[in-house]
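So that the names make sense, note that chain A is the first sequence line, chain B the second, and so on, each numbered from 1.
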Amino acid sequence: MINLKEIFQPLAAMLLAPLLFGIINRVKAFFAGRRGQPLLQSYYDLWKLLNKGAVYSTTTSWVFRASPVVCLAAVVIVACIIPLGARNVISFSGDFVLAVYLLGLMRFFMVIAALDTGSSFEGMGASREVQFSMLAEPALFIGLAVLARLTSSLSLAQAFSSVTPQVWASHCATLLLVAAAFVIILLAENARIPVDDPNTHLELTMIHEVMVLDNSGPDFAFIMYAAAIKLWLFSVLLVRVLLPVGSMPGWASVLVSITAVLLIAVLVGIVESCMARLRLIKVPHLLFSAAALAILALVFAFRD
Amino acid sequence: MWTDIIMVLLTLTNMVALGTSRIRACIRIVAFQGVSLGLLPLLTHPFAPDLLIFAILNTLLKGVVFPVILVRTLRQLNVWKEEDPYVDYGLSLLAGPFVLALSWWISSRLPLPAAISSSMLIPVALFTLFVGFFLIVSRKKALFQVLGYLVLENGIYAFGVAVAFQQPLLIELGILLDVFVGVFVMGIAMFHISRQFDHIDTDRLSSLRS
């Protein structure tokens, strides 16, 4: 028998994730003094794309067609792992390794699909994506290892529900360092502004956007949707580190987490309005600092 | 609790000092480090009037006087950034946590007099010391060497606060005076070096002027 509270969490991710893009766009519009798109614009976009047909280049193979489906499937499974509230649908000891590697699988398929098109621009984007995620992934893993160490539990649900106000009081510094590392990873992994500008369509500076230039119709909808869910999931990770919602009763924790995730979208919007994109050469430096913060947190965590 | 927060601040400022290529930002962060350290003895020791005088002097010197001297030197030299140090900034940033782990290991085997107020004090003081050394050997611009020296001094100071319970005020003031004169003289020396050689890169100082 599937528990309603468990199944609600991936459903919330799948239903509300595109809203995050809407919120980010509205915040950016507010800062620029515009009115901006409707909040639900990304839902309309997805609907429009799903109703179109896809165009495939004759140089592509099955890899290119499989990639959007694999990406979406992988990210939906991750949505079943990363818990909003107490326990998610999939939860076992060591589940965070599966979650991170599923995200890795998603990235791998994006990259080989981009290479499959044979376009040199897409190859460039793929190479950048791989280079940056190579630096971001260890930081993410180390951050999760710190959580595992602090709460001495290997499953995400258990680790996050052990982040109580008491743990915050005694390990405030460690958790803050992990949270800071996660913020940088969130921005880098989801191709947000200090790393990549989702609005520019200038191939020479893009990372994520350039890899999906050849996708159209439902394929592109799948990729956009997968990207939205990915942003949602990284925000959930950050929220669960920052807020000790684990000690709240059942539904309250879920609702508080969802509100906090939406607030994180506002935060991302503010960051995007206030900052310029970093030069590509500087991006590894930012990711190195995320890794350094995570390792510092690990050292602090092993102290006691 | 407060000591721990200052120690974390110290660690973070060390990391920033390791990772920044802008000399002015580095001066500011070292000044901030000095100020937060200046408050440390007030938290770890029972209150005494001479302690307060010392803390105020320390904060003024490290937070106001040194940055002013160094920024003035910076203006005279017109050198704002270090482009290629011996050790790249990303690599220095990654080296930081490992050095911290190393100093933790060292401090765990160091025989110390009992009763140190926080378990983080000694390792972080050692870490600050090592970061100071690292800045001195890994950067080329002479201003970074001065900053490394200041970070080193901060580390020694933190170590002193942790270990020596009640150093006489006179000795502490003597050390402060030494550091002050050191920074002052180094500022003047750098000005003369740059006037003579048109640069302050220490790696090029060993070659004769052509």
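- No more than 12 heavy atoms of other residues, nucleotides or ligands sit less than 6.0 Å from atom CZ of B:Phe98.
- The NZ atom of A:Lys282 sits 5.0 Å away from atom OG of B:Ser21, with the distance rounded to the nearest 0.5 Å.
- In terms of heavy-atom pairs under 4.5 angstrom with chain A, the leader among B:Pro123, B:Gly19, B:Ala95, B:Gly96 is B:Gly19.
- Taking 4.5 Å as the heavy-atom cut-off, the residues of residues 10-18 of chain B that approach chain A are B:Thr11, B:Leu12, B:Met15, ordered by number.
- When heavy atoms are compared at a cutoff of 4.5 Å, A:Leu298 does not approach chain B at all.
- Note on ring orientation: taking the six-membered ring where Trp is involved, the planes of A:Phe300 and B:Trp104 are perpendicular (angle over 60°, cut-offs 30° and 60°).
- From A:His285, atom NE2 reaches atom OG1 of B:Thr20 across 7.5 Å, with rounding to the nearest 0.5 Å.
- Contact annotation for residues 287-297 of chain A against chain B (heavy-atom separation below 4.5 Å, listed by residue number): A:Phe288, A:Ser289, A:Ala291, A:Ala292, A:Leu293, A:Ile295, A:Leu296.
- With a 6.0 Å radius and a threshold of 12 heavy atoms from other residues, nucleotides or ligands, A:Phe141 has its CZ atom above the threshold.
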